[in-house]
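Notes to accompany the following structure.
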Amino acid sequence: MLTNISNVLRACAQRNGGAVVMSARTYADFTTQATFEIKKCDVHKLDEAPPTQAVMTRDEGLQYYRTMQMMRRMELKADQLYKQKIIRGFCHLYDGQEACAVGLEAGINITDHLITAYRAHGYTYTRGGSVREIMAELTGRRGGIAKGKGGSMHMYCKNFYGGNGIVGAQVPLGAGVALACKYQGNNELCVCLYGDGAANQGQIFETYNMAALWKLPLIFVCENNRYGMGTSVERAAASTDYYKRGEFIPGLRVDGMDILCVREATKVAADLCRSGKGPVLMELQTYRYHGHSMSDPGVSYRTREEIQEVRSKSDPISLLKDRMLSNNMASVEELKEIDVAVRKEVEDAAQFATTDPEPPLEDLCNHIFSNNPPLEVRGTNPWSKLKSVS
């Protein structure tokens, strides 16, 4: 009977062009929950490490898979549009690092806060931005998430503060957000991300000190993708134990290519912050497949073989897919249907991003303030006046 219902629903979905994802097997055939072994985290100034086993439900696995595939396809489409000169300027892609963003989000609440550097497309999506808004922002169109005025490095949405172009400058801002959380007593926290290249910035160490003194609910996250621009971590840092850099701050070194490992470590860090024992420093060991930015081919300081080896052995999407298939949590057909739906959504978003109009000149100074009456803004000289509307 269930098989018949499944077949009827599938036929209806195909006939109506619906986006219903349904496998040939019934839901009753699948394992609804499974326990997985995960890599042990290295810890600093912590009495107990995160667990080495993680429980994942089928629904969680499908959601994680879809989100990571959406991020991957979105970045590959951005690469294509950039090479067609439809996207211009700075553009830093996140493919390869998807488990970091999705794992972090799975370990905190959507009401928590997050701030990152300029490799921000993926986090804009996990924080609630749509693919259409992100792609339109990349092409500088009115329908973009920052109205076409921010571009690749400056995207924002609720509880997400960018997208920041100055290396390391988002870290003190993240401490300010965490201070607001503590001041308001709302049991929220801030996740503040930076890369291994930014980890040597003095302002980060100043922020460590303030955050520790004030016991802020702040999770510092160093996304260590092994290269700061074109310089390997071994050539740039006297110590590559980034999780110990806080010295007096508890730290964790996590396999950033495993979404479950990131999720479990994030839960531990979040619990510490919410109990008044923050801040915490997490180092996520990950890898980017593209160069530092679209102007960097990414193979002058590392070999194609190195990139291919990481893809074949540690790809975060493949790891999750293999776990789900080997534990009977999904079928190959079901995952393929997700892939097809994801590709279509990204293609539709790209079409919108290339046809939506650019913002008009009169919008240039809008949104300087969030809720103020209209005001005049000086232009390039004292006689040039522009109008700003909130």
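Linking ILVMFWY side-chain heavy atoms closer than 4.5 Å, directly or via other members, places Leu260 and Leu325 in a single hydrophobic cluster. By the criterion of side-chain heavy atoms lying less than 4.5 angstrom apart, applied directly or through intervening Ile, Leu, Val, Met, Phe, Trp or Tyr residues, Tyr156 is not grouped with Ile368; the two fall into different hydrophobic clusters. Hydrophobic cluster membership differs between Ile219 and Leu216, with clusters built from Ile, Leu, Val, Met, Phe, Trp and Tyr side chains linked at under 4.5 angstrom. Both Ile204 and Leu213 are members of a single hydrophobic cluster when ILVMFWY side chains are connected at heavy-atom separations under 4.5 Å. Hydrophobic clustering of Ile, Leu, Val, Met, Phe, Trp and Tyr side chains at less than 4.5 Å, counting indirect connections, unites Ile134 with Val102.
No more than 12 heavy atoms of other residues, nucleotides or ligands sit less than 6.0 Å from atom CD1 of Ile166. Within 6.0 Å of NZ on Lys277 lie no more than 12 heavy atoms contributed by other residues, nucleotides or ligands. Applying the 6.0 Å contact sphere to OH of Tyr183 captures no more than 12 heavy atoms from other residues, nucleotides or ligands. Residue-environment remark: CD (Gln184) exceeds the threshold of 12 foreign heavy atoms within 6.0 Å. Heavy-atom neighbours of Glu247 CD from other residues, nucleotides or ligands within 6.0 Å: at or below the threshold of 12. No more than 12 heavy atoms of other residues, nucleotides or ligands shown are found within 6.0 angstrom of CZ on Arg343.
Here the options are Tyr208, Tyr243, Tyr242, Phe205, the test is ring-ring contact (aromatic ring centres under 6.0 Å, His included), and the partner is Phe220; only Tyr208 passes. Screening Lys39, Arg323, Lys40, Arg263 for a salt bridge (charged side-chain N to carboxylate O under 4.0 Å, His left out) involving Asp258 leaves a single residue, Arg323.
Note that CG of Leu320 and OG1 of Thr67 are 10.0 Å apart. Values are rounded to the nearest 0.5 Å. Within the model, atoms CE of Met56 and CD of Gln63 stand 12.0 Å from one another, a figure rounded to the nearest 0.5 Å. Between atom CE of residue Met329 and atom CG of residue Asp59 there is a gap of 9.0 Å, rounded to the nearest 0.5 Å. For the atom pair Leu104 CG and Leu193 CG, the distance stands at 6.0 Å (nearest 0.5 Å). To the nearest 0.5 Å, atoms CG (Leu81) and OG1 (Thr354) are separated by 7.5 Å. Separation of atoms OG (Ser295) and OH (Tyr82) is listed at 6.0 Å; rounding is to 0.5 Å.
For the pair Cys261 and Cys41, the tightest heavy-atom approach, listed with the atom from each and the gap, is SG-SG, 4.1 Å. Annotation for Asp196 and Tyr227: closest pair OD2-C, 3.4 Å, computed over non-hydrogen atoms. Between Gly256 and Cys100, the closest heavy-atom pair is O-SG, 3.5 Å. The two atoms that bring Leu46 and Gly251 nearest to each other are CD1-O, 3.8 Å, heavy atoms only. In terms of heavy atoms, Leu138 sits closest to Ala78 at CD1-CB, 4.0 Å.
If you look at His92 and Tyr118, their ring centroids are closer than 6.0 Å. If you look at Phe90 and His154, their ring centroids are not closer than 6.0 Å.
In this structure, the side chains of Arg274 and Asp112 come closer than 4.5 Å at one or more pairs of heavy atoms. Side-chain contact between Met229 and Asp296: absent, with no pair of heavy atoms (C-beta onward) separated by less than 4.5 Å. Counting heavy atoms from C-beta on, the side chains of Ser331 and Glu337 never come closer than 4.5 Å. In this structure, the side chains of Glu206 and Val171 stay at 4.5 Å or more apart for every pair of heavy atoms. A heavy-atom distance below 4.5 Å is not found between the side chains of His44 and Asp241. The shortest side-chain heavy-atom distance between Val268 and Glu264 does not fall under the 4.5 Å cut-off. Taking 4.5 Å as the limit, every side-chain heavy atom of Val131 sits out of range of all side-chain heavy atoms of Lys77. Side chains of Val346 and Leu76 form no contact here, defined as non-hydrogen atoms less than 4.5 Å apart.
A distance-only check finds no donor-acceptor pair linking the side chain of Gln97 to the backbone of Tyr94 [under 3.5 Å]. With hydrogens and angles disregarded, a donor-acceptor distance shorter than 3.5 Å links the side chain of Arg119 to the backbone of His292. Between the side chain of Gln53 and the backbone N or O of Phe36, no donor-acceptor pair lies under 3.5 Å. Using modelled atom types, no side-chain atom of Asn159 and backbone atom of Leu114 make a donor-acceptor pair closer than 3.5 Å. Using a distance-only test at 3.5 Å, with no hydrogens or angles considered, no donor-acceptor pair links the side chain of Gln201 to the main chain of Ala198. Under a 3.5 Å cut-off, the side chain of Gln170 and the backbone N or O of Ile115 do not form any donor-acceptor pair. With hydrogens and angles ignored, the 3.5 Å screen pairs a side-chain donor or acceptor of Lys149 with a backbone N or O of Asp363. Between the Asn164 side chain and the Thr116 main chain, a donor and an acceptor come within less than 3.5 Å of each other. Not one N or O on the side chain of Ser388 forms a donor-acceptor pair closer than 3.5 Å with the backbone of Leu375. Within the 3.5 Å criterion, the main-chain N or O of Leu93 finds no donor-acceptor partner in the side chain of Glu75.
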Test salt bridge (charged side-chain N to carboxylate O under 4.0 Å, His left out) applied to Arg72 and Asp315, step by step: CA-CA 11 Å; Arg72 176 73 57 88; Asp315 183 76; 2.9 Å; yes

Working for salt bridge (charged side-chain N to carboxylate O under 4.0 Å, His left out), residues Asp79 and Lys83: CA-CA 6 Å; Asp79 170 89; Lys83 288 171 179 173; 3.2 Å; yes

Stepwise side chain to side chain contact (heavy atoms under 4.5 Å, CB included) check, Thr126 with Met71: CA-CA 9 Å; Thr126 61; Met71 292 166 67; 4.0 Å; yes

Evaluation steps, side chain to side chain contact (heavy atoms under 4.5 Å, CB included), between His113 and Tyr161: CA-CA 8 Å; His113 308 266; Tyr161 307 88; 2.8 Å; yes

Derivation of the side chain to side chain contact (heavy atoms under 4.5 Å, CB included) call for Lys215 and Lys182: CA-CA 9 Å; Lys215 298 193 180 304; Lys182 182 172 183 178; 4.0 Å; yes

Arg132 and Asp356: CA distance, side-chain angles, deciding distance, side chain to side chain contact (heavy atoms under 4.5 Å, CB included) verdict: CA-CA 10 Å; Arg132 274 169 64 104; Asp356 194 46; over 6 Å; no

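Gln203 and Thr207 share no side-chain donor-acceptor pair at under 3.5 Å. A donor-acceptor contact closer than 3.5 angstrom is absent between the side chains of Glu306 and Thr303. Checked by atom type, the side-chain pair Asn328/Arg58 shows no donor-acceptor distance below 3.5 Å. Arg302 and Tyr287 are linked by a side-chain donor-acceptor pair at a separation below 3.5 angstrom, with hydrogens and angles left out of the test.
Salt bridge annotation for Arg127-Glu105: present, with a cationic side-chain nitrogen under 4.0 angstrom from a carboxylate oxygen.
Both tests hold for Arg311 against Tyr289: distance to the six-membered ring centre under 6.0 Å, angle to the ring axis within 45°.
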